[in-house]
Amino acid sequence: MRMSQLMTKTLRQAPAEADTVSHQLLVRAGMIHQVASGIYAYLPLGWRVLRNLEQIIREELDGAGGQEVSMPVLQPHELWQRTGRDQAFGQSLFTLTDRRERRLCLGPTHEEIITELVRHQVRSYRDLPLLLYQIQTKFRDEPRPRGGLLRVREFPMMDLYSFDTDEEGLDASYQKMRRAYLNIFERCGLPTMEVEADSGAIGGKDSHEFMVVAESGEDVIIRCRQCKYAANMEKAQSAKAEGEHGPLKEKEEIATPGMKSIEEVAGYLGIAKMQTLKAVFYAADGSLIFVLIRGDLEVNETKLKNALKCADLQLAGEERVRQAGLVAGWASPIGLSGVRTVADDSIKMGSNFVAGANRPDYHLSNVNYPRDFQVDTMLDIAVAQPGQGCPRCGSPLVSTRGIEAGHIFKLGTVFSEGLGASFLDQKGETRPIIMGCYGIGVGRLMAAAIEQNHDDKGIVWPVPLSPYHVYLCPLGADKADVATAAEEIYAELGSKGIEVLLDDRQESPGVKFNDVDLLGIPLRLVISPRTLKSKSAELKWRDSEQSELLPLEGMVRRIEELLRPGNRPGHPQ
RNA sequence: CGGGGUGUAGCGCAGCGGGUUAGCGCGCAUGGUUUGGGACCAUGAGGUCGGAGGUUCAAAUCCUCUCACCCCGACCA
């Protein structure tokens, strides 16, 4: 490609609204163009990168036995009602109505469609297992798009679905995909961390996310430095510190004027926060829930939501709490009736707690479970925090932020039962197909790659992702010998299938060098009267300060070698 | 949805206690001089000042409403 023909325009300054590095660089390098909030066009360079990513993904999935299909974006809304996921997705589901008043939606994902599809294709255990995937545009009406390509409303995504006859088959498919994912991310030059993930309200067992560690990531990862434990904060567990277990004392009412929060109460009484019990009120699909947790801990709403199996969970308003006969700020688990109570298991880890008296300005001391009150449900609903102990080995946990690049998930029979996708086993009995699903946000992966590979001058593409492999730059192209040499090399590299960008623009060297640094092309090849004196061209890697002279003779072959994975001297990858 | 912010040329910004023809830098076009790290000179094009309504002799500037975009939170298989 000749740069003079390429539709691209580099910007010295990024638009004011871009504040993550990848967003700024994608715009400055002319890779994407924002059309509306969370809606982007991919320009020629950006599209090439995206296609490179897709290609890597295809190769790995095909290698793992995947078969590519293409399913419609436009889907009958009725199908989503049948699985109840119109509710689960709620407002994030883009919906529309056709001319016959039929309700349709734009697919945010494709479990319904593929299950419906497989239902018609699969009859017998002999038709299984299957791994089907597509790379398709997804639509989600996110409440808040952000970070350029990191969270958008329309985005390219690879989604693969596995279909097996039994759990063992599912486990095998899951492991196959795990390995394929690791290969994909490795080939993309992206170190990822595999973490345990929340499996959501819709059942399923195992679920893992592949995280690219980055400050701009939206997810918080809790992990252990000692053992391999790592989990999304939504899912993460921790060993909670044990409180004091003394002889149970008589409970007593104590005055706590104006002291509503745990901070205030503990401070006022001069006791540790872990000597208190905290009451939090939620509305789960509309009904009030009393949540109790030890004062030093926070409620993990994902865990709570899973425990309640509700679609919608929000903090309950004060009005709602008052109506239930509770006194916000001094609410007590004692003497509750008609309200579902969920407690974190931390309330058993300690004794003689301070809790509300359900009377303004008063708390109760020496409150003990189960002596003084009962709960409906007791389980772990606490947020795991750095500094707490690892649930496996007890070492202190640490946290980092990450971008979710991929997610794999054992679905089980949720969709196959819901939509009637079954097969006949060897005994001729009808059984539901066992499913798994596996997604990679391709656009987000592109942004993550930049978050991870850039410097103050611009993008530093890993070779397999770069829109072009070689940037060929004649300096002083008005000299006939320079122009001729550049054209010859350009043609020869091209004939070898090496993707070359020839900078034939009438620009000063500074402009060209800064542009190629911004675009992030891995290999820079400069030809000038100076290099021609020694019958050579100057070769420089994007991520290196040093350059070397490469003889014109045999140069194309040398570059071919260098670009092959693992062939770069001093670079293991 | 709650909180905060910004809308003036393609990008970054100034102007805003009302007052001619709305500026600056970068970019763009033309001509010329340059050519190893964002060159220089000259000339030029490009604006419904986000939109609507209002106040006024007069509105980018004051008032009301509205829209868009960004950030924090909520939300997010």
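Below, read A as the first sequence line, B as the second, and so on, with proteins coming before strands; counting in each chain starts at 1.
- A cation-pi arrangement is not found for A:R153 relative to A:F139, the charged atom failing to lie both closer than 6.0 Å to the ring centre and inside a 45° cone about the ring normal.
- Qualifying ring pair (Phe, Tyr, Trp, His ring centres under 6.0 Å) partners for A:H407, counting only residues two or more places apart in sequence or in other chains: A:F409.
- Every stem involving RNA chain B, taken as at least 3 paired positions in a row under the Watson-Crick or G-U wobble test at 3.5 Å, is listed here: B:1-7 with B:67-73, B:10-13 with B:23-26, B:28-33 with B:39-44, B:50-54 with B:62-66.
- Heavy-atom neighbours of A:Q546 CD from other residues, nucleotides or ligands within 6.0 Å: at or below the threshold of 12.
- For A:F89, the ring pair (Phe, Tyr, Trp, His ring centres under 6.0 Å) partners two or more places apart in sequence, or in a different chain, are A:W80.
- Listed nucleotides B:rG36, B:rC75, B:rC70 differ in distance to A:R146; the shortest reach to its side chain belongs to B:rC75.
- More than 12 heavy-atom neighbours from other residues, nucleotides or ligands sit within 6.0 angstrom of CD on A:Q175.
- Closest to the A:K9 side chain, of the nucleotides B:rC76, B:rG27, B:rC69, is B:rG27.
- Taking the centre and axis of the six-membered ring of A:F155, the NZ or CZ atom of A:K138 falls outside the cone set by 45° and 6.0 Å.
- Taking 3.5 Å as the limit, the base of B:rG36 and the side chain of A:S528 contain a donor-acceptor pair of atoms between them.
- When each of B:rC75, B:rG36, B:rG12 is scored by its nearest atom to the side-chain atoms of A:V526, the top-ranked nucleotide is B:rG36.
- Checked against B:rC11, B:rU35, B:rG73, the side chain of A:R144 finds its nearest nucleotide in B:rG73.
- Minimum atom distance to the side chain of A:D515 is reached by B:rG38, of the listed B:rG36, B:rC11, B:rG38.
- Map A:N514 and A:L313 each onto its nearest nucleotide of RNA chain B; the residue landing nearer the 5' end is A:N514.
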